[in-house]
Amino acid sequence: MMDWTDRHCRVLHRQLSSCTLLYTEMVTAPALVRGGALHLLDHSPAEHPVALQLGGSDPEELAQAARLGAQAGYDEINLNVGCPSDRVQSGTFGAVLMKDPGLVAECCAAMREAVEVDVTVKCRIGVDDQDPEEVLPEFLARIVAAGVERVTIHARKAWLQGLSPKENRDIPPLDYDLVHRMKGLFPNLHISINGGITSLDAARAFLEGGLDGVMFGCAAYPTPVEILGSADRVIFGRPGPDRTARDAVQAMLPYIEDHLAGGGRLHQVTRHMLGLFAGQPGARAWRRVLSEGATRPGAGPELVEAALSQVCGEAV
Ligand SMILES: Cc1cc2nc3c(=O)[nH]c(=O)nc-3n(C[C@H](O)[C@H](O)[C@H](O)COP(=O)(O)O)c2cc1C
């Protein structure tokens with residue numbers, strides 16, 4: 001998720017869950033291939049399994065970007081066919097590609113040819129006045145024919161005319177039934193569902209209903225412990241205690257030290273940690289100490305420890 005799930009966020013999330021698959025923010029193929037912005041591929045070995053999400057619509061450029069991603073060590077290359085922003089529409093990538101399944105298939109085939117890791121797609125159920133019942137099966141058939149074995153479906157349309165990117169995440173209605181019906185039509189395709197899912201119980205219900213995966217977007221960010229801290233046990237059946245916010249903070253301290261030693265700033269990491277103690281006594285003090293102190297020059301792990309000492313209560 002752009003501006004949210006950067007590398008520091010993903011390291012934090014990995015401290016809460018070992019089994020979940022994490023995704024990068026969308027990185028555009030032109031930025032990597034034409035712009036040479038290879039720093040966009042930087043990530044930590046701690047993040048695995050982690051998928052690189054690419055945006056683009058030129059098969060050769062996407063193939064090259066996928067190759068760079070695989071060389072950088074990503075476990076999966078995902079093509080974004082869901083982003084509705086204007087900037088992205090003008091570059092002919094993101095959700096507007098729902099209108100051109102043949103081109104998406106070409107892109108996927110070229111990417112698959114270029115890398116050994118899985119090439120996957122994240123799509124919408126349609127855009128604008130398309131009829132999802134018609135276009136989604138056609139879209140899936142085309143990418144399956146191109147060799148794609150896993151897809152994540154954001155279960156709402158993108159309305160490219162008239163809605164902002166933010167409105168496009170909430171306003172077009174969700175159609176979960178359609179996604180279930182796609183699983184009936186494509187039993188061998190690994191289908192994950194996305195959109196409006198806010199609890200692990202809801203995720204389990206989708207899995208019990210026959211879907212293969214669930215992608216959390218917004219719900220996993222502001223209060224990550226609730227979703228990620230229990231996911232290994234609740235979703236993946238791993239024994240052992242759930243990870244707590246305190247576990248995550250302790251595990252982040254060495255990472256923070258390395259980040260600072262490499263010239264980074266504390267707030268680049270701690271901005272993702274503000275919601276860790278949400279709902280617990282001391283949560284406000286935790287947020288305050290970090291928000292006020294982490295941008296100050298020289299701020300380091302001792303600030304995080306000071307913030308942690310403000311948090312009390314047994315749950316931490
Ligand atoms: C701030 C923000 C940035 C996002 N960036 C991306 C992105 O880079 N790639 C992507 O596939 N989806 C992106 N999304 C969409 C989410 O991945 C997700 O599909 C959408 O929010 C619906 O799922 P949710 O209800 O679980 O959040 C973004 C959403 C938000 C709120």
Does the side chain of [X] reach to within under 4.5 Å of the side chain of [Y], using non-hydrogen atoms?
X      : Y      : result
Leu12  : Val269 : no
Leu79  : Val119 : no
Ile193 : Met215 : no

**Asked** Hey, mind stepping through Ile153 and Leu140 against side chain to side chain contact (heavy atoms under 4.5 Å, CB included) and telling me if it holds?
**Response** CA-CA 10 Å; Ile153 304 175; Leu140 296 180; 4.2 Å; yes
Should we count [atom1] of [X] as having more than 12 external heavy atoms under 6.0 Å?
X      : atom1 : result
Glu116 : CD    : no
Arg181 : CZ    : yes
Asp3   : CG    : no
Glu167 : CD    : yes
Glu113 : CD    : no

**Request:** Run the numbers on Asp212 and Arg150 for salt bridge (charged side-chain N to carboxylate O under 4.0 Å, His left out), then give the verdict.
**Result:** CA-CA 9 Å; Asp212 304 293; Arg150 276 193 286 136; over 6 Å; no
For the pair [X] (side chain) and [Y] (backbone), establish whether a donor and an acceptor sit closer than 3.5 Å, ignoring hydrogens and angles.
X      : Y      : value
Gln64  : Glu61  : no
Arg67  : Val115 : no
Asp118 : Thr120 : no
Asp232 : Cys19  : yes
Glu302 : Gly300 : yes
Arg156 : Arg169 : yes
Thr244 : Asp247 : yes
Lys157 : Asn168 : no
Glu106 : Pro59  : no

Distance alone, cut at 3.5 Å: any donor-acceptor contact between the side chains of [X] and [Y]?
X      : Y      : value
Arg204 : Ser199 : no
His43  : Tyr74  : yes
Asn194 : Thr152 : no

How close do [X] and [Y] get, counting heavy atoms only, and between which atoms?
X      : Y      : result
Leu160 : Asp128 : N-OD1, 2.7 Å
Thr223 : Ala278 : CG2-CB, 3.6 Å
Ala105 : Ala146 : O-CB, 3.4 Å
Val11  : Ser44  : CG2-CB, 3.8 Å
Leu185 : Pro137 : CD1-CB, 4.1 Å
Pro30  : Phe93  : CG-CE2, 4.4 Å

Rounded to the nearest 0.5 Å, how far does [atom2] of [Y] lie from [atom1] of [X]?
X      : Y      : atom1 : atom2 : value
Leu266 : His259 : CG    : NE2   : 7.5 Å
Met26  : Met1   : CE    : CE    : 13.0 Å
Leu32  : Leu54  : CG    : CG    : 6.5 Å
Glu226 : Thr198 : CD    : OG1   : 9.0 Å
Arg124 : Met98  : CZ    : CE    : 10.0 Å
Met2   : Thr24  : CE    : OG1   : 9.5 Å

**Item:** Reference residue Arg243; test side-chain hydrogen bond (donor to acceptor under 3.5 Å, both in side chains); the match among Ser18, Ser230, Ser17
**Value:**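 Per the side-chain hydrogen bond (donor to acceptor under 3.5 Å, both in side chains) rule, the option paired with Arg243 is Ser18, out of Ser18, Ser230, Ser17.
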**Message:** My understanding is that only one of Glu76, Gln53, Arg10 makes a side-chain hydrogen bond (donor to acceptor under 3.5 Å, both in side chains) with Tyr23; could you say which?
**Reply:**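 Of all the options given, the one that passes is Glu76.
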Is there a chain of hydrophobic side chains (I, L, V, M, F, W, Y, each step under 4.5 Å between heavy atoms) that links [X] to [Y]?
X      : Y      : result
Val127 : Val135 : no
Leu52  : Trp4   : no
Phe186 : Val121 : yes
Tyr255 : Leu308 : yes
Leu189 : Val179 : yes

**Request:** Starting from the C-alpha separation in whole Å, work towards a yes-or-no answer on side chain to side chain contact (heavy atoms under 4.5 Å, CB included) for Cys123 and His154.
**Result:** CA-CA 6 Å; Cys123 66; His154 181 179; over 6 Å; no
**Prompt:** Would the Phe206 and Tyr176 ring centres measure less than 6.0 Å apart?
**Reply:**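 Yes: the rings meet the under 6.0 Å criterion.
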**Val225 and Asp242: CA distance, side-chain angles, deciding distance, side chain to side chain contact (heavy atoms under 4.5 Å, CB included) verdict** = CA-CA 9 Å; Val225 179; Asp242 292 352; over 6 Å; no
**Message:** Show, in sequence, the C-alpha distance, side-chain angles and deciding distance for Leu136 and Gln130, and conclude whether the side chain to side chain contact (heavy atoms under 4.5 Å, CB included) test is met.
**Reply:** CA-CA 9 Å; Leu136 189 57; Gln130 286 184 326; over 6 Å; no
